Amino acid sequence: MRAGSALLLVALFCRCAEPRTPGFPDGFLYGAATSGFQVEMGCPTLPADECEDAGSDWHQLITSKALLDAMPFVTRDGPGAGPGHYEKFREDLALAQDLGLDAFRMGIEWSRLFPRATDGIDTHDALRAHANPKALAYYHAVFAELRARGLAPLVTLNHYTLPLWIHDGAACHRDIVGCQPRGWLDGPRIVRELSKYAAFCAREFGGQVDLWATLNEPLAVVLPGYLFPSQERANPPAVRFRYAEAKQAMRHMVEAHARMYDAVKANDALDADGDGEAAAVGLVYALVPTAPKNPDSPLDRRAAESLFRLYNAVFLDAAVRGELDAELDGQVVQREDLAGRMDWLGLNYYTRVIVEGTETPTFAGLSPWTTFNPLTIDVSDVYPDGLFEMLGWLSRYALPVIVTENGAPNAADDEAGTQYLEAHWRSLERAVRSGAYVRGYFYWSLIDNFEWNHGMTSERRYGLFAVDAADPGKARVPRRTAEVLRELVGNARARH
Ligand code: BGC
């Protein structure tokens, strides 16, 4: 076991390991991140019916003719284009270890583990008998390999995808009101089944896992799912301007986080690192600084402020403090059943967004103050200072923060990728020096992976290691960023 993993929870829970300037605090996690759907499929030799998880709404999105016809911007790369981590996970984890990392972020795919509905099945043993035995064996093997390689697992329980038995994305795309099953819109069912799944994972894998994330980037489900699917990101059911449904989905995600938190805490009694703490549970959230297109325009400034609140504050205030603004109209209700359920926060940081204001609310059904056009927000502004700023902004919650994703598409331009990494690392160091309560950094991503609606073959590939979708063996080829990360981590460790 590495010192990093042993000290993980001590570092997360106390402020005793404040940084010795200029180094990172002891116990700081150095990792790379992945998600289940994005890496598992595309095995070189295993049969597709084992490697491919055909049971999720995202699998449906990238394979259904009706959905692809309706959304021409969604990739035509099939699931077989993926990097095949399901088969090659040992090789991948060896690569992570060789980079000097001591942590690895991964997802468990709910639909892979439970391809059939779990309603009415309530005991651990009954769920175990109901689960896909190959998936159970697979995740156990991954955790064993991680531990053997001194990589502390950070496990995301839900990274966007939902099983088809709880969400028929195609039916809901056609008819959001009448569809069944309705995914995030059927609050009681999804909260119940998702927390049951969280409890199951906590009990099943808790002996190997201490660090859990409930949901990944809830707003990346709500906004491109129910408000403005676009070429950038369309999430099932990918319907437009459904304000009531967007608010429902958001509220149900806040509730799901709280109940998943309770479920993991109640079911993971095993302390994998032997440091006295069995489970630290958090949420992974993408924060985005917003900037007015024209800083001299009061309209643009107002738009940037309101977008900042919508993107960054509304969900977290509810999930961390129980301050629920259910209608997004500024009427906040204090909910004690939601508050106080966060041991750490995961920060995904990529870019700043540039916003232009409008005279009248174009986002009419959401709130009177959203005077911007969601379809014209520019999400491409690389802004390394934003990492420092967002780590500072998060101090309002007084929670330990782990940077759970940060990286850039670097398939076309290795140089831009390394510059991005170095600049953001400097911003991270500045935050640590100024006393930010940050306890880890995970680069997105270890390997090129299935970039949601952009698939495997666009230029949006984020891997430290390139994977060519057309290569039958799915070889991993290091990019310059891998070498740079290895150096940055090595230098940081030397200063502990
Ligand atoms: C997501 C990842 C995604 C990355 C790059 C994040 O929003 O969590 O799944 O691949 O951004 O787009």
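What you see is a predicted model, and the numbers here were worked out from it, not measured in a lab. Just the heavy atoms: all of them, side chains too, but no hydrogens, waters or symmetry mates, feed the values below.
Judged by distance alone, with hydrogens and angles left aside, the side-chain atoms of Asn158 form no donor-acceptor pair with the main-chain N or O of Leu215 at under 3.5 Å. Under a 3.5 Å cut-off, the side chain of Asn348 and the backbone N or O of Glu405 do form a donor-acceptor pair. Under the 3.5 Å distance criterion, the side-chain polar atoms of Arg476 are left unmatched by any main-chain donor or acceptor of Ile447. Looking at Arg341, its side chain never comes within 3.5 Å of a backbone N or O of Gly282 through a donor-acceptor pair. The main-chain N or O of Ala117 is found under 3.5 Å from a side-chain atom of His130 such that the two form a donor-acceptor pair. Put simply, the side chain of Glu87 gets close to the backbone of Thr45: a donor and an acceptor are under 3.5 Å apart. For Thr34 (side chain) and Arg105 (main-chain N/O), a donor-acceptor pair under 3.5 Å exists by modelled atom type. Judged purely by atom type and a 3.5 angstrom limit, Thr404 uses its side chain to pair as donor or acceptor with the backbone of Leu347. Between the Lys474 side chain and the Gly42 main chain, a donor and an acceptor come within less than 3.5 Å of each other. A donor-acceptor contact shorter than 3.5 Å is absent between the side chain of Ser445 and the backbone of Tyr462.
For the residue pair Ser111 and Asp53, a side-chain donor N or O sits within less than 3.5 Å of a side-chain acceptor on the partner. A donor and an acceptor atom, one from each side chain of Asp57 and Tyr160, are nowhere located under 3.5 Å apart. No donor-acceptor contact under 3.5 angstrom links the side chains of Gln231 and His454, judged on distance only. Side chains of Tyr285 and Asn312: a donor-acceptor N/O pair is absent below 3.5 angstrom, by distance only. Counted by atom type alone, His167 and Gln60 present zero donor-acceptor pairs between their side chains at under 3.5 Å. With no hydrogens or angles considered, no side-chain donor-acceptor pair links Arg460 and Asn410 at under 3.5 Å. Looking at Asn453 and Thr75, their side chains never bring a donor and an acceptor atom within 3.5 Å of each other. Side-chain atoms of Glu52 and Tyr86 include no donor-acceptor pair closer than 3.5 Å. In this model, a donor atom of one side chain and an acceptor atom of the other lie less than 3.5 Å apart for Glu109 and Thr161.
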ask   = Would Thr457 and Asp77 count as a side-chain hydrogen bond (donor to acceptor under 3.5 Å, both in side chains) if you check the C-alpha gap in whole Å, the side-chain angles of each, and the deciding distance to 0.1 Å?
value = CA-CA 7 Å; Thr457 53; Asp77 295 346; 2.8 Å; yes
task = For Glu40 and Arg112, run salt bridge (Lys or Arg N to Asp or Glu O under 4.0 Å): C-alpha distance rounded to whole Å, both residues' side-chain angles, the deciding distance at 0.1 Å, then the answer.
result = CA-CA 10 Å; Glu40 287 173 0; Arg112 184 182 287 281; 2.6 Å; yes
task = List the steps and the verdict of ring pair (Phe, Tyr, Trp, His ring centres under 6.0 Å) for Tyr138 and Phe89.
result = CA-CA 10 Å; Tyr138 165 69; Phe89 71 90; 5.6 Å; yes
query = Given Asp271 and Asp275, is the side chain to side chain contact (heavy atoms under 4.5 Å, CB included) satisfied, shown in steps?
reply = CA-CA 7 Å; Asp271 174 8; Asp275 65 354; 3.1 Å; yes
task = Mind running salt bridge (Lys or Arg N to Asp or Glu O under 4.0 Å) on Arg259 and Asp262 for me, showing each step along the way?
result = CA-CA 5 Å; Arg259 301 289 75 81; Asp262 292 342; 2.8 Å; yes
query = Could you walk me through whether Phe28 and Tyr441 pass the ring pair (Phe, Tyr, Trp, His ring centres under 6.0 Å) check?
reply = CA-CA 8 Å; Phe28 193 91; Tyr441 175 91; 7.8 Å; no
query = Going through the distances and angles, do Trp344 and Tyr397 end up as a ring pair (Phe, Tyr, Trp, His ring centres under 6.0 Å)?
reply = CA-CA 10 Å; Trp344 57 274; Tyr397 298 119; over 10 Å; no
task = Give the C-alpha distance, both sets of side-chain angles, the deciding distance and a yes or no for salt bridge (Lys or Arg N to Asp or Glu O under 4.0 Å) between Asp448 and Arg461.
result = CA-CA 5 Å; Asp448 281 350; Arg461 299 205 300 277; 3.2 Å; yes
inquiry  = ring pair (Phe, Tyr, Trp, His ring centres under 6.0 Å) for Phe24 and Trp425? Distances and angles first, verdict last.
reply    = CA-CA 11 Å; Phe24 289 0; Trp425 192 273; 5.6 Å; yes
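Pairs of residues two or more places apart, or lying in two chains, that qualify as ring pair (Phe, Tyr, Trp, His ring centres under 6.0 Å) and include a residue from residues 212-240 are Phe228-Phe363.
For the pair Arg352 and Asp381, the salt-bridge criterion is met [side-chain N within less than 4.0 Å of a carboxylate O]. Between Glu91 and Lys88 there is a salt bridge, with a side-chain nitrogen of the basic residue lying less than 4.0 Å from a carboxylate oxygen of the acidic one. Remark: Arg486 does not engage Asp98 in a salt bridge, criterion side-chain N to carboxylate O under 4.0 Å. Salt bridge annotation for Arg189-Glu193: absent, with no cationic side-chain nitrogen under 4.0 angstrom from a carboxylate oxygen. The residues Arg233 and Glu451 are annotated as salt-bridged, a charged nitrogen and a carboxylate oxygen being separated by less than 4.0 angstrom. The pair Lys265-Asp343 counts as a salt bridge, with a side-chain nitrogen and a carboxylate oxygen less than 4.0 angstrom apart.
Contact of the Leu61 side chain with the Trp452 side chain is not registered, since no non-hydrogen atoms from C-beta on lie closer than 4.5 Å. Side-chain contact check for Val467 versus Met456: some heavy-atom pair is nearer than 4.5 Å. Two residues are said to be in side-chain contact when any heavy atoms from C-beta on lie closer than 4.5 Å; Pro188 and Asp186 meet this criterion. Side-chain atoms of Glu50 and Lys134, non-hydrogen and from C-beta on, do get closer than 4.5 Å to each other. With contacts defined as side-chain heavy-atom distances shorter than 4.5 Å, the pair Val379/Tyr350 does not qualify. Side-chain atoms of Leu157 and Cys201, non-hydrogen and from C-beta on, do get closer than 4.5 Å to each other. Side-chain contact between Phe315 and Leu283 is present, with at least one heavy-atom pair separated by less than 4.5 Å. Looking only at side-chain heavy atoms (C-beta outward), Pro79 and His59 come within less than 4.5 Å of each other.
Here the options are Thr481, Leu446, Val477, the test is side-chain contact (heavy atoms from CB on, under 4.5 Å), and the partner is Phe465; only Leu446 passes. Tested against Trp393, the residues Tyr311, Tyr349, Phe308 include a single ring pair (Phe, Tyr, Trp, His ring centres under 6.0 Å) partner, Phe308. Partner His124 forms a side chain to side chain donor-acceptor pair (under 3.5 Å) with one of Arg203, Lys196, Glu204 and no other, that one being Glu204.
In this structure, Phe37 has its ring center no closer than 6.0 Å to that of Trp110. No close placement of the Phe104 and Phe442 rings is indicated, their centers lying 6.0 Å or farther apart.
Shown here for Ala272 and Asp210, the closest heavy-atom pair between the two residues is N-OD1, 2.9 Å.
Here Arg479 contributes atom CZ and Asp413 contributes atom CG; the two are 11.0 Å apart, rounded to the nearest 0.5 Å. Put simply, CG on Leu29 and CG on Leu154 are 7.5 Å apart, with the number rounded to the nearest 0.5 Å.
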